[in-house]
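What follows is a single structure, written as structure tokens, with notes after it.
In what follows, every chain begins at residue 1, and chains take the letters A, B, ... in the order their sequences are listed.
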Amino acid sequence: MRRLRPSGAGPLAWCGILLATTLALYLFQQVLWLVLPFLFGLIAYYFLAYPMQRLMFAGLSQESAANITVGVFALLLVGAFAFMLPRFAAQAVGVQETGMRYLQGGLLLLDQTLRALEQQSRFMRDAHVADAVSSYIAVAGEGFAQNRLPSLMMSVAAWLPSMLLAPFLAYFFLRDGRRFQRFLARAVPNAYFERTLHLLYEVDRTTRAYFQGLVKLTVLDAVCLAAGLWVIGLSSPLTLGIITAVLAWIPFVGSVIGCALVVMVAATDFPGSPSIAYASIGLFILVRLLDDFIFMPLTIGRSLRMHPLITVLMIFVGGAVAGVAGLLLVLPVLGVIMVVGETLSIVASDPRLRARHAHARRLRWQAVTRDL
Amino acid sequence: MRLFGRHDAHEAPHPLRQIKLFSTLSRREMPVVQALRHERNYLAGEVVFDEGDDGEAIYAIVSGEVEILRHDGGRQQRLAVLAAGEVFGELALLDQAPRAAQARATADCMLVVFFRADFMNLLETHPKIASKIALSLARHLGSRLRQANAGQRQDGHL
């Protein structure tokens with residue numbers, strides 16, 4: 001029997017994958033209120049999958065294991081919320097004041113740095129760089145506070161209730177994930193069945209590896225940053241470490257915002273010694289380098305086997321199409337669509353599978369028309 | 001694609017006890033394996049898998065018959081005819097080598113399918129069940145090997 005082997009996804013299939021990713025990001029931006037809880041639900045699902053598997057290892061059924069895992073997780077969440085709420089409420093009144101204090105500290109450091117540079121550079125002195133930057137930041141900050149901030153706060157407030165969906169979604173992913181896979185597999189013709197099963201498992205493997213890698217990367221980043229900030233002597237190093245590590249989920253932009261946050265805190269805590277702020281920047285760059293060259297390849301890098309050029313290109317495309325949400329979602333969405341696209345392309349271009357499907361359809365047609 | 005209206009969608013899961021590979025599982029262990037199965041219906045003459053395909057799953061016959069064929073040059077050689085209760089494609093559980101032969105339904109049949117990744121996961125979550133299945137599989141492969149040796153002796157090859 002002569003068997004023509006499929007040659008894998010070609011350039012046309014890859015164009016389709018990139019186009020589908022862009023389209024998906026655009027659509028996701030329109031239903032962000034649903035996509036974000038879904039994303040957090042997925043992260044919780046992959047985070048809780050291991051303890052649930054341990055319970056199943058102990059002999060519990062999938063349903064009982066899911067009930068116990070999500071039940072304990074919900075109790076822990078409620079406990080943490082109850083513990084944090086009084087502290088947060090006590091500080092909530094001063095949040096705006098604290099924020100303004102840190103912002104002023106950061107701006108003061110920027111002004112001092114630019115004026116010190118002006119002392120060294122005649123060109124900068126002649127261009128009045130420090131004055132120009134200060135006035136630009138003052139105008140931009142005022143415009144942001146008056147025009148953008150209220151709408152931003154309103155959108156965040158509108159999303160918050162939908163975030164309650166995340167634990168529910170995680171519960172149903174844990175309890176019915178396998179049933180859903182079987183439901184999808186039932187719809188597939190016999191000829192494509194094994195390949196489709198393989199596809200479903202590859203999608204699951206890719207997303208699992210990505211989100212588990214993301215959680216590990218966040219923990220590593222947070223621990224390194226917190227330890228470094230504690231050595232430097234900044235206040236609340238653990239909180240700052242966690243916030244900056246979570247912000248790093250957004251490629252490029254998140255890291256810049258995280259660094260700015262750390263520098264603002266350093267400049268405010270130690271107003272007279274800019275060397276602390278510079279040390280914080282140095283620490284941040286060191287952790288970023290560790291992240292890019294050691295942590296990332298060990299965690300997320302192994303999950304998404306993508307060419308670096310495509311990754312960077314798609315991050316820019318994601319940002320352009322769907323803003324911050326696009327930056328956040330582009331890698332997992334591309335990873336899943338890549339697996340689906342490559343497999344579909346291989347299956348669709350396999351002449352033997354198509355011939356087997358046509359043969360099966362002929363047999364079914366003969367079977368139902370035999371006595372007509 | 002059949003998204004709606006499967007005639008067997010609401011039927012109770014078919015008992016696996018009659019399949020040799022699972023005959024040693026206890027009443028409590030059986031539902032764990034039931035949850036992993038996929039059920040497929042094939043018509044007489046339909047190809048289940050081809051020689052050279054990537055093996056991803058093991059098949060067990062619930063009803064009907066399946067023949068195992070190998071293409072030797074231009075000649076098609078029938079290696080075995082399997083009936084209800086028997087399994088085939090079992091090497092897919094052990095390695096990722098391509099299928100060594102073609103499987104084709106000789107009568108309308110219902111098969112249950114277990115995916116390799118599910119079986120590997122079972123080794124992690126339920127090692128006792130997985131080891132029982134693995135032992136049955138080893139016995140099954142041993143008997144196949146003995147049959148093959150006996151056949152070769154009869155043909156004067158050994």
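Below 30°, between 30° and 60°, or above 60°: for B:Tyr59 and B:Tyr42 the angle between ring planes is above 60°, a perpendicular geometry.
Partners of B:Arg104 by salt bridge (Lys or Arg N to Asp or Glu O under 4.0 Å), not counting sequence neighbours: none found. A:Tyr46 meets the side chain to side chain donor-acceptor pair (under 3.5 Å) test with A:Asp204, A:Thr207; sequence neighbours excluded.
For the pair B:Arg40 and A:Phe193, the distance from NZ or CZ to the six-membered ring centre is under 6.0 Å and the angle to the ring normal is within 45 degrees.
Looking at A:Ala185, the atoms closer than 4.5 Å to chain B (heavy atoms on both sides) sit in the backbone and in the side chain alike. Residue contact with chain B, scored on non-hydrogen atoms closer than 4.5 Å, involves the backbone and the side chain of A:His198 alike. Using a 4.5 Å cut-off between heavy atoms, B:Val47 touches chain A through backbone and side chain atoms alike.
Heavy-atom pairs under 4.5 Å with chain A were tallied for B:Val48, B:Asp118, B:Leu36, B:Ile129; the largest tally goes to B:Asp118.
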